[in-house]
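Taking it in order: structure first as structure tokens, then the write-up.
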Amino acid sequence: MEKKEGVKRVLITSIGGGNTKEKDGVKYLKKYTETVYKINGKESKVTTYMPEVVEKEFDVDKTIIIGSTGTMWDNVYSVYSNIKDETYLKNLRETERTSDSDTDIKDLNIGKLNEELVNKVRGIVIKYGLNREEIFENFDSIIKLEEEFDDEHEYEVILDITHSFRSTAFWMFLVMTYLTDVSNKKIKIIEVTYGMYEAKKEVTDPAPIVLLSSFLEILNWIKGASELKQYGNSYYILNELKDSNDDIPGDIKKELRNFSNAMNMNYVGTLMESIDRLKNLKEQINAISGPAKHIVPEVLMNFIEDFDLKEKDDIKRAYLLQATLAKWHCDQKRYAMAAININEALANYVANSLNLREEDSAKFDPNIEAKNWLRDLYNLDNINDIYRKYAEVYHHTRRIRNEIAHSLGNEVKISDDIKLLEDFSKIIMNLLKDENVIKEAEKGFRLLEKVTTKKTNGNIVAKSDLRLEENKSSILILSTINLEENEKNELQVKWGFQDKNIIYLNNEEIVKWKKANSDRELKYFKDKIISALKEGDYILLHGDYLKMNKMKGYAIDATNPLKQYRTKILIFSDRVSPKDEYFKEI
């Protein structure tokens, strides 16, 4: 396997050996048998040290060796050292000969070997791993081999599992998983080798070195299957396994990517189309061969079964799919996506129930009227539990969605909101079963008629806004962000505030407002309200939901030090099209 220019190759291997007891009870050192090995059709020279055959075949730059105190470190030292220290060699052999599971790893002086062979070899001494404590101590020791990889170079690693304890092969695969999935180094495992000495038929036959890179391929396919099953992501299979996914037909590869893109962008229309196309490819999917046959067909068939809702009406199918996705995303702990889908599913459902969706509508959000209807429903006082559930689910998912979009959420509320989403994701499908529920609600409350009345009186509201300029009202901006020019313009033009009457927080106060949560921290801003504002003035509130509620309650409370008057509150509005305003009064 040719090595690319600039890439370094590292062999990670283990060695065994150590001592054995003869009949007289005396411990003697074992020795590796002189052997000829065969790799990639080529025979090696006679050697007692199999890793050097792998080093030569793969043009290895450095070898990392894992072993116990009873390992043949003397053999390692003899193979690699040009200037042999006979006293050190003797000490290594004596430690190996007398070593057992109770021997402290510090009794073997690996430091001298590492220092002398620093550019060739790194030795790591581990315990026998007889209990949980020793196993984790070994893991800590082995992970230190990451120090051999710098951040600058690319590395190709060969793992050799020929020698040492049977458990060492597991250590090797743990190392491989850590290096490829956790470490930030540029490392790729290119081969796994095993010197199969026991496969020799005759004493004079060469021992084959078996290449086990297929194990790597299978592990990568398992990883790809996990990502596809858990997140709907086919990217690992399509990109990282492109050299071994030839058994997947081109049409299925294309649809796998479309499906993953639609899932991650939450494009429900595209996802419905992708599901339909995958249904038409069922025969080809089930005919996939190679390693993909154990992964792709089953996962895709499960997705098709879960997301094919067998609903002929595309609009109903869309909001039912959104509800299904909400539950799926929530199960995967993707709470933001769950909130979006619950919220939009309800809006689609209401729009369809009340025939609010205009054909060929140019609106950015064709469901805006449905969302307004749900907001008005939430603001009603006397409604039954059934209607209240629709209103609360919409209200809270809208609030959570806004807090996610504007990064307003705080740690105090996050567990409560997650619990809400988990509960909502379980009931959303049932809420969408019967459109007559919404029709009956509209018949009883006539919320659409009230919306029409608001639109008819729109000019009167606009004119009353202009009186603000005559009143010379001020506005205090309690916001975690600085206003943009178009937002400032709306305050001046639409709301009538003169520039000199817009009171901004300085940078230090903005930081203080962002961090303020306790009553003690909020007192600074309560005092600012008292000192800066007069009767009829405004406050623009922007921050996390809990903090905004506290300040809103304080500002409009007639029992606060402002005594006989109350301030008015503006907040950022939901803008779903460029025509919408930035602020609204609450």
Side-chain angles (χ1 to χ4, degrees), residues 262 265-273 275 307 309-327 329 337-380 383-384 386-402 405 421 424-425 427-456 458 573-581 584:
M265 291 295 289
N266 203 44
Y267 283 7
V268 175
T270 306
L271 185 59
M272 288 196 300
E273 293 173 358
I275 292 293
F307 295 155
L309 301 171
K310 297 179 175 59
E311 170 60 58
K312 294 181 180 180
D313 186 318
D314 282 345
I315 295 175
K316 287 185 179 181
R317 184 183 173 200
Y319 66 65
L320 291 174
L321 180 56
Q322 285 172 318
T324 305
L325 284 171
K327 180 67 168 63
H329 284 304
M337 297 287 267
I340 291 171
N341 280 289
I342 292 171
N343 190 265
E344 291 297 330
L346 268 178
N348 270 309
Y349 162 74
V350 169
N352 205 48
S353 301
L354 301 178
N355 296 316
L356 297 179
R357 188 177 288 100
E358 302 172 16
E359 291 188 14
D360 302 322
S361 173
K363 291 179 180 177
F364 180 81
D365 184 356
N367 290 330
I368 189 65
E369 290 186 52
K371 293 176 180 180
N372 289 336
W373 189 92
L374 283 160
R375 281 203 293 267
D376 290 342
L377 183 68
Y378 180 78
N379 291 327
L380 294 177
I383 61 175
N384 64 35
I386 296 175
Y387 299 151
R388 174 63 61 187
K389 181 57 67 177
Y390 284 91
E392 287 180 346
V393 170
Y394 176 77
H395 170 78
H396 287 295
T397 53
R398 173 177 169 269
R399 172 183 59 76
I400 293 169
R401 180 177 177 174
N402 287 344
L421 290 174
F424 294 164
S425 70
I427 65 171
I428 182 63
M429 188 64 84
N430 285 331
L431 291 179
L432 307 182
K433 280 185 176 179
D434 186 2
E435 292 185 353
N436 288 319
V437 175
I438 300 302
K439 293 174 182 177
E440 289 298 318
E442 171 56 25
K443 188 183 295 184
F445 300 120
R446 299 186 175 181
L447 296 177
L448 291 181
E449 291 182 18
K450 295 175 183 178
V451 170
T452 304
T453 303
K454 287 180 183 179
K455 288 182 178 179
T456 305
S573 178
D574 291 330
R575 297 185 75 246
V576 294
S577 81
K579 296 179 181 180
D580 292 334
E581 296 169 350
K584 67 178 179 181

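Note: Tyr349 and Tyr390 have parallel aromatic rings, judged against thresholds of 30 and 60 degrees for the angle between ring planes.
Using a 4.5 Å heavy-atom threshold, the side chains of Val268 and Asn341 count as touching. You'll find the side chain of Leu421 reaches within 4.5 Å of the side chain of Thr397, heavy atoms only. Side-chain contact between Thr324 and Ile428 is absent, with no heavy atoms from C-beta onward closer than 4.5 Å. Put simply, the side chain of Leu447 reaches to within 4.5 Å of the side chain of Leu380, judged on heavy atoms. Residues Leu325 and Met337 are not in side-chain contact: their nearest non-hydrogen atoms beyond the backbone lie 4.5 Å or more apart. In this structure the side chain of Phe445 reaches within 4.5 angstrom of the side chain of Ile383, judged on heavy atoms. Between Asn352 and Glu435 the shortest side-chain heavy-atom distance falls below 4.5 Å. At a threshold of 4.5 Å between non-hydrogen side-chain atoms, the residues Ile275 and Arg317 count as touching.
What you find for Ala323 and Ala345 is that their closest heavy atoms are N-CB, 4.1 Å. Scanning all heavy atoms of the two residues, the minimum distance from His329 to Ala338 falls at CB-N, 3.9 Å. Nearest approach of Ile342 to Ala326, heavy atoms of both residues: CG1-CB, 3.5 Å. Heavy atoms only, all atoms of each residue included: Val393 and Ile427 are closest at CG2-CD1, 4.3 Å. The two residues Ser353 and Lys439 come nearest to each other via the heavy atoms O-CE, 3.1 Å. Closest non-hydrogen pair, Asp314 versus Met272, comes out as O-CE, 4.0 Å.
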- Working for side-chain contact (heavy atoms from CB on, under 4.5 Å), residues Asn367 and Val350: CA-CA 9 Å; Asn367 290 330; Val350 169; over 6 Å; no
- Message: What verdict does the side-chain contact (heavy atoms from CB on, under 4.5 Å) test give for Leu271 and Asn266, after you've listed the backbone C-alpha separation in whole Å, the side-chain angles of each residue and the deciding distance to 0.1 Å?
- Response: CA-CA 8 Å; Leu271 185 59; Asn266 203 44; over 6 Å; no
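Note that NZ of Lys371 and CZ of Arg398 are 9.5 Å apart. Values are rounded to the nearest 0.5 Å. Interatomic distance, CG of Leu448 versus CG of Asn372, reported as 10.0 Å (0.5 Å rounding). To the nearest 0.5 angstrom, Glu442 atom CD is 10.0 Å from Asp376 atom CG.
A donor-acceptor pair is defined here as one N or O able to donate and one able to accept, closer than 3.5 Å; such a pair exists between the side chain of Arg388 and the backbone of Tyr378. Asn384 places a side-chain N or O within 3.5 Å of a backbone atom of Tyr387 that can act as its donor or acceptor partner. Put simply, the side chain of Asn343 never gets that close to the backbone of Ala339: no donor and acceptor are under 3.5 Å apart.
Between Lys443 and Glu440, at least one side-chain N (NZ, or NE/NH1/NH2) sits under 4.0 Å from a carboxylate O, which counts as a salt bridge.
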